[in-house]
Novice: 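Input: one structure, supplied below.
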Amino acid sequence: MLLLPLLALLYVPFCIAASTQATHEKLVQLAAANNGVIKLDENLYNLLTSPKRNWSASIQFTALDPRRRCGPCKEFDPSFNAVAKAWTKVPPAERDSHFFATVDFDNAMGVFQKLGIQSAPVVQIHPATEGPRRPASGRTTPIAYDFGNGFDAAPLAEQLSQFTPIPIPYKAPIDWSRIGTAVGVVLVIASGVRAFLPVLRSRWVWAAGTVLTSLVMTSGFMFVRIRGMPQTGGNGQWIAPGYQNQFGQETQVVSFIYGLLSSAFLMLTLVTPYQTNPYRQRLQIYLWSGVILVMFSVLISLFRVKNRGYPFKLLL
């Protein structure tokens with residue numbers, strides 16, 4: 001009579017091994033049927049995360065139903081599927097020892113409640129609990145994926161490769177839109193060169209560009225950029241006290257004053273002498289001389305605001 005219980009007890013390990021093997025074969029079939037991603041409900045989730053497993057798994061927890069309005073879920077799901085599909089290309093010996101799976105909230109609410117997951121997407125890596133792939137550290141609890149690098153597939157594949165038998169052979173697809181944009185830009189530039197070539201060859205264009213650059217640089221633009229000065233002061237003041245400080249708005253005003261002064265001198269030297277009408281010529285002399293006088297007065301007054309000890313004054 002004691003022989004039957006003893007035989008039953010000896011037969012238990014073989015039953016467990018057979019059950020584990022059957023579960024593994026079922027998971028392999030499910031993964032192969034859906035481009036490497038197993039769609040989980042509560043029962044399949046319990047099978048995949050069985051306490052006695054010689055395989056590992058990367059599980060995505062998501063909520064793709066439009067009613068859930070989970071934008072990040074929809075953004076990340078293609079990346080997870082792409083990495084899982086890349087994993088199907090590895091040899092079967094390694095491929096069948098790590099699985100990719102997805103748990104949708106509407107298909108397995110109990111799993112979300114049991115794990116206390118209140119937001120999505122979430123990715124957990126479940127290491128093997130036994131066999132040669134059991135971690136040397138002995139840790140078999142789930143490991144959460146860090147979304148610090150965003151939802152792209154490349155960083156996902158790189159981080160998950162730390163838990164797969166071999167690195168995941170993921171290669172980013174060719175970005176045809178970027179290539180098309182670059183080609184379009186090149187074509188537009190090439191077609192516009194003939195139209196813009198006379199402009200680029202004009203000495204007046206280069207002269208204007210040189211003058212504008214000189215005005216901006218002599219007004220303190222690089223001083224403000226290098227030192228990272230604010231546009232204005234904390235109390236709305238746009239003139240910084242002292243000659244060692246300058247605000248961004250102050251640079252714009254000084255550049256405008258320099259531009260008016262330069263324009264006035266150019267008009268007096270290049271345009272006014274060739275005016276054939278004596279009355280208009282006299283009027284232009286008065287006008288541009290007045291502009292020079294007023295703008296120099298404003299410029300000197302700015303010096304006095306920056307340094308109260310500045311001794312000179314013109315009109316203001």
Side-chain angles (χ1 to χ4, degrees), residues 10-62 76-77 79-104 108 111-112 114-117 120-149 151-172:
L10 293 175
Y11 190 66
V12 168
F14 296 99
C15 292
I16 295 175
S19 176
T20 303
Q21 182 64 25
T23 300
H24 183 263
E25 292 178 357
K26 181 177 181 179
L27 294 175
V28 170
Q29 293 174 0
L30 291 173
N34 194 34
N35 286 329
V37 180
I38 304 174
K39 302 295 184 180
L40 300 179
D41 54 20
E42 294 188 33
N43 293 329
L44 286 178
Y45 175 80
N46 292 331
L47 286 178
L48 182 61
T49 60
S50 171
K52 292 185 177 296
R53 59 180 185 273
N54 54 12
W55 61 82
S56 56
S58 299
I59 304 177
Q60 173 194 208
F61 297 86
T62 187
F76 175 69
D77 186 64
S79 297
F80 186 84
N81 292 335
V83 174
K85 186 176 182 180
W87 182 245
T88 62
K89 300 177 182 178
V90 304
E94 289 79 15
R95 180 190 64 207
D96 296 341
S97 62
H98 186 89
F99 297 101
F100 286 82
T102 294
V103 183
D104 194 286
V111 175
F112 278 74
K114 181 175 67 174
L115 300 178
I117 298 176
V122 173
V123 174
Q124 290 183 351
I125 300 94
H126 292 252
T129 59
E130 56 186 27
R133 296 207 52 239
R134 176 184 171 89
S137 62
R139 177 180 177 178
T140 59
T141 55
I143 302 169
Y145 171 71
D146 182 12
F147 282 95
N149 293 320
F151 294 156
D152 293 338
L156 175 66
E158 181 179 358
Q159 188 166 336
L160 293 185
S161 293
Q162 303 175 15
F163 308 98
T164 54
I166 59 175
I168 301 173
Y170 172 79
K171 293 183 179 180

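Only a predicted model underlies this, so the values are computations on that prediction, with no experimental measurement involved. Only heavy atoms go into these numbers, but all of them, side chains included; no hydrogens, no water, no symmetry mates.
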Novice: Less than 4.5 Å apart, any side-chain heavy atom of Val122 and any of Phe112?
Specialist: no
Novice: Taking side chain to side chain donor-acceptor pair (under 3.5 Å) as the definition, give me every residue that meets it alongside Thr141, ordered by chain and number, with sequence neighbours left out.
Specialist: Arg139
Novice: First locate atom CG of Leu156, then atom CZ of Phe147, and finally report the distance between them rounded to the nearest 0.5 Å.
Specialist: 7.5 Å
Novice: Sequence neighbours left out, what passes side chain to side chain donor-acceptor pair (under 3.5 Å) with Asn81? Give chain and number order.
Specialist: Asp77
Novice: Going by ring pair (Phe, Tyr, Trp, His ring centres under 6.0 Å), name the residues that satisfy it together with Phe80, two or more places apart in sequence or in a different chain.
Specialist: Phe100
Novice: Quick check against the 3.5 Å criterion: does Thr129 have a side-chain atom that pairs as donor or acceptor with the backbone of Pro51?
Specialist: yes
Novice: For His126 together with Phe99, are the ring centres under 6.0 Å from each other?
Specialist: no
Novice: Answer whether the closest heavy-atom distance between the side chains of Pro169 and Val90 falls below 4.5 Å.
Specialist: yes
Novice: Only one of Leu115, Ile59, Thr62 forms a side-chain contact (heavy atoms from CB on, under 4.5 Å) with Val103, so which one is it?
Specialist: Ile59
Novice: Distance from Asp104 atom CG to Phe61 atom CZ, nearest 0.5 Å?
Specialist: 11.5 Å
Novice: Evaluate whether atom NZ of Lys89 has more than 12 neighbouring non-hydrogen atoms of other residues, nucleotides or ligands under 6.0 angstrom away.
Specialist: no
Novice: So, does His24 use its side chain to make a donor-acceptor pair with the main chain of Trp55 at under 3.5 Å?
Specialist: no
Novice: Do any N or O atoms from the side chain of Asp41 and from the backbone of Asn43 form a donor-acceptor pair under 3.5 angstrom?
Specialist: yes
Novice: Side-chain atoms of residues 157-166: list all donor-acceptor pairs with protein atoms under 3.5 Å, sequence neighbours left out, distances to 0.1 Å.
Specialist:
from: Ser161; atom 1: OG; to: Ala157; atom 2: O; distance (Å): 2.6
from: Ser161; atom 1: OG; to: Ile168; atom 2: N; distance (Å): 3.0
from: Thr164; atom 1: OG1; to: Ser161; atom 2: O; distance (Å): 3.3
from: Thr164; atom 1: OG1; to: Ile166; atom 2: O; distance (Å): 2.7

Novice: Looking at CG of Leu47 and CG of Leu44, how far apart are the two atoms once the value is rounded to the nearest 0.5 Å?
Specialist: 6.0 Å
Novice: Could you tell me whether a side-chain N or O of Thr88 sits under 3.5 Å from a main-chain N or O of Gly36, the two making a donor and an acceptor?
Specialist: no
Novice: Can you list everything that forms a side chain to side chain donor-acceptor pair (under 3.5 Å) with Arg133? Sequence neighbours excluded, please.
Specialist: Ser56
Novice: Which pairs count as side-chain hydrogen bond (donor to acceptor under 3.5 Å, both in side chains) when at least one residue sits in residues 25-36, sequence neighbours excluded?
Specialist: Gln21-Glu25
Novice: Give a yes or no answer on whether the side chain of Arg53 reaches the backbone of Pro127 with a donor-acceptor pair at less than 3.5 Å.
Specialist: yes
Novice: Is the shortest side-chain heavy-atom distance between Val123 and Phe76 below 4.5 Å?
Specialist: yes
Novice: Which value, rounded to the nearest 0.5 Å, describes the distance between Lys39 atom NZ and Leu30 atom CG?
Specialist: 12.0 Å
Novice: Report the C-alpha separation of Lys114 and Tyr45 in whole Å, then their side-chain angles, then the decisive distance to 0.1 Å, and conclude whether the side chain to side chain contact (heavy atoms under 4.5 Å, CB included) test is met.
Specialist: CA-CA 12 Å; Lys114 181 175 67 174; Tyr45 175 80; 4.1 Å; yes
